[in-house]
Amino acid sequence: MLYNGSDVVHSSNGAPSDMAGHASLCVAVQGPVLLPDDFAYGKECRTFNLSRPLTPAVVVGATSTDDVVAAIRYAGRHGMPVAVRNQGHQVVFPTAEDALLITTNRLQEISVDPGRRVVRVGAGVTWAQVLLRTERVGLAPIAGSAPHVGVVGYTLGGGLSPLLGRTLGYAADHVRWIEVVTADGAVREVTADSDPDLFWALLGGKGNFGVVTRMEFDVFPMSRFYGGGLWFRGEEMRPVLEAWRTLIPTLDEETTTSFSVQRLPDAAVLPQSLRGAFVLHVRLGHLGDIAKGARIAEPLRAAATPVRDTLAERPFGEIGEIHNDPVRGMPLVETSFGLRDFSVATLDRLMELTGPGSGCPMKNVEVRALGGALDREPVRPNSVPSRGTPYMTFAVGSGTPTQLRAMREFIGTYTRGMAPWRARHHILNFLAPDEALSEAEVRAFYGAERYARLAALKHVYDPHNVFRFNHNIRPAA
Ligand SMILES: Cc1cc2nc3c(=O)[nH]c(=O)nc-3n(C[C@H](O)[C@H](O)[C@H](O)COP(=O)(O)OP(=O)(O)OC[C@H]3O[C@@H](n4cnc5c(N)ncnc54)[C@H](O)[C@@H]3O)c2cc1C
């Protein structure tokens with residue numbers, strides 16, 4: 001770690017040439033400045049997907065907005081690109097080797113204003129931290145399936161909740177105020193009224209437009225829900241998914257549901273009935289009357305006998321119990337895309353690819369039903385591109401290098417197999433590190449018109465594409 005040292009030493013291209021070169025950075029920021037041979041560097045660069053490490057030239061552990069400003073200005077002076085990491089759940093290939101990485105996990109402000117029903121967070125806060133605070137005052141945020149995920153990264157990528165999504169839309173739809181440091185080192189306070197273009201671009205454009213240091217968003221008066229999961233033997237997947245498929249069009253917006261075909265490890269952290277098992281996990285979150293929630297689950301329970309049933313009335317803080325996502329990082333391969341429908345033909349193909357006897361190597365192949373408020377444009381417009389996409393699928397696996405190779409092959413088979421039902425748009429938060437990397441793919445992801453507006457704004461706010469370690473929007477010429 002560098003605390004002080006000599007003046008900046010420049011190489012011929014303007015970048016600092018050695019460790020001493022970063023000395024002025026150490027003077028300018030309060031947080032740690034770490035180089036690759038520092039002991040703490042590895043921890044600071046850690047990612048959830050252990051096969052996608054970040055290896056930046058230098059890391060700044062930001063402790064304040066001023067640190068972020070100093071780091072961005074320093075990177076600008078030396079022609080370095082800037083990468084950002086909070087909890088490290090969605091790192092995009094490549095590994096950011098020449099970059100200055102700003103880690104935001106020390107930005108720990110949380111304030112809850114029950115009167116205005118708003119929460120303000122620093123960029124390092126996770127949903128678990130917010131849930132602890134909002135639960136006490138009977139309020140609920142549009143949190144995702146995994147409470148250990150960072151609030152800001154999740155929200156900038158849309159933010160799809162397994163409980164509130166179909167009722168209230170994306171988390172991005174309820175943001176009121178953003179503090180962001182743009183590529184020129186300016187601190188901007190952005191609202192839909194003060195700067196509608198940048199506000200629109202940030203919410204959906206994720207890390208492309210600057211480093212968000214603080215964010216304020218609406219929370220909602222809710223304290224309990226009905227939900228959890230039903231696990232069935234994999235062999236009974238067909239009748240249960242037939243019931244799930246038939247249920248979806250009957251649901252009103254206060255219910256959100258998904259399923260996951262799981263081949264679980266024989267791990268002690270799992271309940272006995274799930275260890276090493278091939279199962280279908282159906283998830284349900286319902287915000288209305290508890291008895292109605294139980295009635296919604298009836299056709300699922302009637303289709304086969306669950307080996308585990310955790311559906312119950314719960315405090316809102318237990319939103320993570322709907323999916324039971326893994327919390328520890330691991331080497332992963334993954335893919336995801338939107339689906340146009342979930343018809344009998346879609347189910348037939350999914351059965352062929354992932355069902356009993358398919359040889360599917362993935363640990364988890366899920367389908368989430370979207371729709372409801374997720375289809376509506378918000379009052380404060382943003383660039384989230386996935387409205388009108390009725391379903392999405394996400395396949396992920398972890399294991400040894402040999403297993404990961406087999407999973408990569410499967411991803412090709414799965415993508416080709418599901419191609420007839422692939423939707424035009426999808427959700428940014430679920431894009432894999434090596435998906436949508438070319439400009440053409442990112443344009444297709446957003447759609448030509450939305451991409452053109454984003455690229456024009458990128459030209460205004462980040463003309464040199466300093467923030468490029470993301471699903472990158474290139475500045476318009
Ligand atoms: C187990 C699991 C479950 C998930 N479930 C859901 C879900 O239900 N719904 C959903 O929508 N998503 C979900 N996600 C995806 C998740 O929302 C994204 O991966 C999100 O980016 C994670 O936040 P993070 O703090 O880990 O981001 P990081 O990996 O640290 O950052 C990812 C990217 O976000 C951007 N970013 C992060 N912080 C900032 C900042 N302060 N300023 C500017 N850009 C920034 C950068 O581009 C960065 O590269 C899930 C992910 C996992 C691993």
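Just so it is clear, the model here is predicted, and its values are computed rather than measured. Counting starts at 1 for both ligands and their atoms, in listed order.
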Name the closest protein heavy atom to [atom], giving the residue it belongs to and the distance to 0.1 Å.
atom                    : result
atom 16 (C) of ligand 1 : Val149 CG1, 3.9 Å
atom 34 (O) of ligand 1 : Lys206 CE, 3.2 Å
atom 30 (O) of ligand 1 : Asn86 N, 2.6 Å
atom 43 (C) of ligand 1 : Gly210 O, 3.2 Å
atom 44 (N) of ligand 1 : Gly207 CA, 3.4 Å
atom 32 (C) of ligand 1 : Gln90 O, 3.2 Å
atom 39 (C) of ligand 1 : Val84 CG1, 3.8 Å
atom 53 (C) of ligand 1 : His89 CD2, 3.3 Å

Whether [X] and [Y] hold their rings parallel, tilted or perpendicular, with breakpoints at 30° and 60°:
X      : Y      : answer
Tyr74  : His22  : tilted
Tyr446 : Tyr451 : tilted
Phe410 : Tyr414 : parallel

### Summary
Numbered in order shown, the ligand 1 atoms found under 4.0 Å of a heavy atom of Arg85 are 30 (O)
### Query
Which atoms of ligand 1 are found less than 4.0 Å from any heavy atom of Ala123?
41 (N)
Quiz question: by atom type and distance under 3.5 Å, do the side chains of [X] and [Y] form a donor-acceptor pair?
X      : Y      : value
Ser51  : Asn49  : yes
Thr389 : His426 : no
Asp462 : Thr182 : no

Heavy-atom proximity to [atom], best of [options]:
atom                    : options                       : result
atom 41 (N) of ligand 1 : Leu107, Asp325, Val68, Val212 : Val212
atom 23 (O) of ligand 1 : Gly165, Ala96, Gly150         : Gly150
atom 2 (C) of ligand 1  : Ala146, Ser161, Gly88         : Ala146
atom 40 (C) of ligand 1 : Val82, Val152, Leu160         : Val152

[X] N/O under 3.5 Å from ligand 1 N/O:
X      : result
Gln87  : yes
Ser145 : yes
Gly144 : no
Val211 : no
Thr104 : no
Asn470 : no
Asn429 : yes

### Query
So, for atom 49 (O) of ligand 1, does the protein have a heavy atom nearer than 4.0 Å?
yes
Report yes or no: does [X] have a heavy atom closer than 4.0 Å to ligand 1?
X      : value
Phe430 : yes
Gly159 : yes
Met392 : no

### Message
Donor-acceptor check, side chain of His471 to backbone of Ala432, threshold 3.5 angstrom: yes or no?
### Response
yes
### Message
Strictly distance-based, threshold 3.5 Å: is any side-chain N or O of Asp309 a donor or acceptor partner for the main-chain N or O of Trp231?
### Response
no
### Task
Inspect the surroundings of NE2 in His459 and state if more than 12 heavy atoms from other residues, nucleotides or ligands are less than 6.0 Å away.
no
[X] contact mode with ligand 1 (heavy-atom cut-off under 4.0 Å):
X      : result
Arg52  : neither
Phe48  : side chain
Leu156 : side chain

For the residue pair [X] and [Y], is the inter-centroid distance of their aromatic rings smaller than 6.0 Å?
X      : Y      : answer
Trp177 : Phe217 : no
Phe337 : Tyr391 : no
His148 : His89  : yes

### Task
Answer yes or no: is there an ion pair linking Asp218 with Arg176, defined by an N-O contact shorter than 4.0 Å?
yes
### Query
Has Arg263 got its NZ or CZ under 6.0 Å from the middle of the six-membered ring of Phe278, at an angle within 45 degrees of the ring axis?
yes
### Query
To the nearest 0.5 Å, what is the distance between CG (Asp173) and CG (Leu168)?
9.5 Å
### Query
Looking at OH of Tyr226 and OG1 of Thr255, how far apart are the two atoms once the value is rounded to the nearest 0.5 Å?
11.0 Å
